Amino acid sequence: QAQLVESGGGLVQAGGSLRLSCATSGRTFTSQAMGWFRQAPGKEREFVSTLNFSNGKTIYADSVRGRFTISRDNAKNTVYLQMNSLKPEDTAVYYCAADLTYRGARPSVDPDAYDYWGQGTQVTVSS
């Protein structure tokens with residue numbers, strides 16, 4: 001059974017930083033892209049960022065562009081989300097997800113395109 005395990009969430013003041021990690025364990029699978037999504041209480045899950053493994057293309061939601069950075073450590077089978085200048089509206093449970101389907105140069109921002117999901121990690125930003 002393949003698993004994605006997130007870590008790095010926590011409580012931080014506005015303007016602070018956190019780095020989320022998403023490690024792959026269990027059965028080996030080949031991802032074409034890895035994405036980060038988040039869900040705040042009472043809201044739908046929304047796209048945050050994604051990284052295409054074949055060409056390194058990244059996409060960010062408008063709300064996080066310039067503040068968040070997605071990256072990958074191949075040797076550790078880990079994807080990161082560096083979050084800077086955090087705002088209270090960034091408060092949510094953050095999920096990483098793996099897309100096993102090759103979709104060309106542009107990775108998908110649709111959560112339904114992703115095959116495996118982590119359990120989520122809580123990020124709380126206080127004002």
Side-chain angles (χ1 to χ4, degrees):
Q1 181 77 15
Q3 286 188 318
L4 301 178
V5 180
E6 301 103 333
S7 60
L11 173 64
V12 64
Q13 289 188 333
S17 298
L18 285 173
R19 188 178 77 158
L20 305 183
S21 300
C22 175
T24 303
S25 65
R27 184 175 69 87
T28 300
F29 59 89
T30 301
S31 298
Q32 300 298 326
M34 291 287 289
W36 286 95
F37 297 81
R38 66 187 182 186
Q39 187 166 19
K43 295 187 177 181
E44 293 187 355
R45 189 169 298 189
E46 66 172 355
F47 167 76
V48 175
S49 181
T50 185
L51 168 64
N52 185 324
F53 284 2
S54 64
N55 62 7
K57 181 175 178 60
T58 59
I59 301 175
Y60 296 93
D62 290 343
S63 59
V64 307
R65 187 177 297 113
R67 300 188 296 123
F68 290 11
T69 303
I70 189 171
S71 62
R72 176 190 184 192
D73 185 330
N74 292 342
K76 296 182 178 180
N77 290 324
T78 300
V79 172
Y80 302 98
L81 185 68
Q82 178 67 43
M83 306 186 296
N84 299 328
S85 302
L86 283 162
K87 304 175 181 180
E89 51 264 44
D90 294 319
T91 295
V93 177
Y94 283 70
Y95 300 89
C96 66
D99 183 359
L100 307 187
T101 302
Y102 177 71
R103 303 182 188 277
R106 180 181 172 86
S108 177
V109 303
D110 181 357
D112 290 338
Y114 289 77
D115 302 283
Y116 290 108
W117 290 81
Q119 81 289 351
T121 185
Q122 176 70 47
V123 171
T124 303
V125 184
S126 62
S127 57

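Predicted model only: the values in this text are computed from it and were never measured.
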Classify the angle between the aromatic ring planes of W117 and F37 as parallel (below 30°), tilted (30 to 60°) or perpendicular (above 60°). tilted
Pair R65 + D62, salt bridge at N-O below 4.0 Å: yes
Interatomic distance, [X] atom [atom1] to [Y] atom [atom2] [nearest 0.5 angstrom]:
X: Q13; Y: S127; atom1: CD; atom2: OG; answer: 9.5 Å
X: M34; Y: L81; atom1: CE; atom2: CG; answer: 11.5 Å
X: L11; Y: Q122; atom1: CG; atom2: CD; answer: 9.5 Å
X: D115; Y: S31; atom1: CG; atom2: OG; answer: 8.5 Å
X: T58; Y: N52; atom1: OG1; atom2: CG; answer: 10.0 Å
X: F68; Y: L20; atom1: CZ; atom2: CG; answer: 8.0 Å

Which atom names give the shortest non-hydrogen contact between [X] and [Y], and what distance separates them?
X: L86; Y: V12; answer: CD1-CG1, 3.6 Å
X: P107; Y: A105; answer: CD-O, 3.6 Å
X: R38; Y: A92; answer: CB-CB, 3.8 Å
X: V48; Y: V64; answer: O-CG2, 3.6 Å
X: S108; Y: D110; answer: OG-N, 3.0 Å
X: C22; Y: W36; answer: CB-CZ2, 3.6 Å

Mind checking salt bridge (charged side-chain N to carboxylate O under 4.0 Å, His left out) for R106 and listing every partner two or more places apart, or none if nothing turns up?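 Salt bridge (charged side-chain N to carboxylate O under 4.0 Å, His left out) list for R106, sorted by chain: empty.
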Test: R19 cationic atom under 6.0 Å from Y80 six-membered ring centre, within 45° of axis: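 Relative to the ring axis of Y80, which defines the angle, R19 lies inside both limits.
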R103 side chain vs A33 backbone, donor-acceptor pair below 3.5 Å: no
Any chance the side chains of T50 and Y114 put a donor and an acceptor closer than 3.5 Å? yes
Taking the side chain as everything from C-beta on, heavy atoms only, tell me whether [X] gets closer than 4.5 Å to [Y].
X: M83; Y: L18; answer: yes
X: L100; Y: Y116; answer: yes
X: Q39; Y: Y95; answer: yes

How would you list all residue pairs meeting disulfide bond (SG atoms under 2.5 Å apart) that involve residues 59-91, not counting sequence neighbours?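 Listed once each, the pairs would be none.
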Output, in order, the C-alpha distance, side-chain angles, deciding distance and verdict of side chain to side chain contact (heavy atoms under 4.5 Å, CB included) for E6 and Y94. CA-CA 8 Å; E6 301 103 333; Y94 283 70; over 6 Å; no
After noting the C-alpha distance and the side-chain angles of T69 and Y60, does the key distance pass the side chain to side chain contact (heavy atoms under 4.5 Å, CB included) rule? CA-CA 8 Å; T69 303; Y60 296 93; 3.8 Å; yes
Going by side-chain contact (heavy atoms from CB on, under 4.5 Å), C96 matches just one of V79, T24, L4. Which one? L4
